[in-house]
Amino acid sequence: MDKIVIQGGLPLKGRIKISGSKNAALPLMAASLLTDSKLILSHVPSLMDIQTMMRLLKVLGIHSSMMFGRLALQAKGRRGHEAPYDIVRKMRASILVLGPLLAKLGKARVSLPGGCAIGARPINLHLKALEAMGAKIKLEEGYVNAVCPRLKGARIVFDDVTVTGTENIMMAAVLAKGRTILENAALEPEVTDLADLLNHMGAKIAGVGTSTIEIEGVDDLGGASHTVIPDRIEAGTFMIAAAMTRGDVILEGLNPSHVDALTQKLRDAGATIESNGSRLRLIGPREIKPVDVKTAPFPGFATDFQAQFTALMSVANGQSTITETIFENRFMHVPELNRMGAQLEVKGNMVVIKGVERLQSAPIMASDLRASASLVLAGLVAKGVTDIHRVYHIDRGYESIEKKLRRLGAKVKRAKVRY
Ligand code: EPU
């Protein structure tokens, strides 16, 4: 297993390119199940989760090959309809195959993903919507068994905003008979990216980017070529890193409007931020001001920035609070940051932070993807050398993170550990 070793105390300076979005690429890949033709996706990040989705699609009869960020996907031979536990347990986003399998093959058997480090994460809203579209669903032996020769269009009101839920049902509805209306749909840019691809494949989706999405079902979808949107979470993580190390960083190839809520909060914390087209420059503040944050669905402050922003506030000059409204247990980074000298206290769904002047290095452990990123940020400003264990969590979602950080002047390396 690998660990990341960081010598803290250097400001990040220079420029880096933002990779393609993991959370956009995964549903785009699942859309290959909806067609017999070829899909070509460009700007696909090279990440563990992408490999996991390629493995899952192979079991389902979709062959894929990736070269320099260009991923070709096409059905070959016999189709499968079972997403096995062994793959699904590694990546919850595997649930994204449920909607397309049911729409294309009329049946699906998908392992229930179970809880994870950030919360229980049920899929009841996905299942309720598919039932409203005529699917017969049974939960047996840890699997979702769903059948429906042809899904029917329906009006679906999501009780809560769900990103992969909206994506799953959108993929189910494109091949359903008749019109589906999704109310309280997610507005996240990754949902819009999926709708763009589906429309290129011949789907009829309107209202994307609003909370009401209308889908007129079609009989068949064709192939398409599509470029994945930039990873707003990677971009935001580097923005927070630049602010925290009091650096001066130019990010290239992002969509600044996707990180508006974070940009505002970083400005409140004292950072200077300018953006022009697909470039954004952030100059860190001399003094980091305390800022209160509450997570919300897009365009609000993303839960996927919560851990990293907590790390930033742990070295702010004063007291702040971070309130998590999306996931019930997304504070696994808190005890680890406290081991580095941060003064964080969890009170219900809020962390109360008393900013300290400096964090100290300590051996620490990554627990989930974004929590790991927050520990890397803490290591970048800590006094001494920080060892971060279990970094496979980071490799699920950040492409070449240590190379990018080194390019910005950080002293970061990866080392093998024997446990
Ligand atoms: N929820 C339910 N029932 C459902 C679906 C969701 O109760 O059927 C609840 C969840 O438990 C959670 C809330 O609704 O409390 C929102 O969950 P959502 O479904 O939106 O999350 P997701 O689709 O499983 C995606 C991202 C996450 C990101 C969230 C929120 C992907 C592959 N994952 O998850 O990304 O945090 O949306 O924006 O797109 C990450 O990249 O590190 C990550 C966790």
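We count ligands from 1, going down the list as the structure has it; atoms in each ligand are counted the same way.
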Where ligand 1 meets [X] - atom numbers and elements under 4.0 angstrom, heavy-atom basis:
X: A93; result: 32 (C)
X: V161; result: 16 (C), 20 (O)
X: H126; result: 8 (O)
X: I123; result: 4 (C), 8 (O)
X: L369; result: 42 (O)

Salt bridge (charged side-chain N to carboxylate O under 4.0 Å, His left out) between D36 and K104, worked out: CA-CA 10 Å; D36 298 324; K104 180 74 179 165; 3.6 Å; yes
Looking at T295 and T325, would you say the former's side chain and the latter's main chain have a donor-acceptor pair under 3.5 Å? yes
Could you list the donor-acceptor pairs under 3.5 angstrom formed between side-chain atoms of residues 305-315 and any protein atom two or more places apart in sequence or on another chain?
unit_1: Q306; atom_1: OE1; unit_2: T310; atom_2: OG1; d: 3.3
unit_1: Q306; atom_1: OE1; unit_2: H333; atom_2: NE2; d: 3.2
unit_1: Q306; atom_1: NE2; unit_2: E324; atom_2: OE1; d: 3.0
unit_1: Q306; atom_1: NE2; unit_2: R330; atom_2: O; d: 3.0
unit_1: Q308; atom_1: NE2; unit_2: T237; atom_2: OG1; d: 3.1
unit_1: Q308; atom_1: NE2; unit_2: D304; atom_2: O; d: 2.9
unit_1: Q308; atom_1: NE2; unit_2: Y398; atom_2: OH; d: 3.4
unit_1: T310; atom_1: OG1; unit_2: Q306; atom_2: O; d: 2.7
unit_1: S314; atom_1: OG; unit_2: A311; atom_2: O; d: 2.6

Does ligand 1 have a heavy atom under 4.0 Å from the side chain of [X], from its backbone, from both, or from neither?
X: R121; result: both
X: P122; result: both
X: L125; result: both
X: T164; result: both

Nearest-contact summary for [atom] - protein heavy atom, Å:
atom: atom 32 (C) of ligand 1; answer: N23 OD1, 3.4 Å
atom: atom 15 (O) of ligand 1; answer: I326 O, 2.5 Å
atom: atom 21 (O) of ligand 1; answer: F327 CZ, 3.8 Å
atom: atom 30 (C) of ligand 1; answer: T303 CG2, 3.7 Å
atom: atom 19 (O) of ligand 1; answer: T162 OG1, 2.6 Å

Evaluate the 4.0 Å heavy atom contact test for atom 9 (C) of ligand 1: does a protein atom fall under the cut-off? no
Less than 4.0 Å is my threshold; does some heavy atom of [X] fall inside it relative to ligand 1?
X: K22; result: yes
X: D160; result: no
X: R330; result: yes

Using heavy-atom distances, let me know which of T295, D231, V163, D304 sits nearest atom 18 (P) of ligand 1. V163
Report yes if R370 has an N/O atom closer than 3.5 Å to an N/O atom of ligand 1; otherwise report no. yes
Using a 3.5 Å cut-off on N or O atoms only, is N124 in polar contact with ligand 1? yes
What pairs meet the side-chain hydrogen bond (donor to acceptor under 3.5 Å, both in side chains) rule with one or both residues in residues 51-67, with sequence neighbours excluded? none
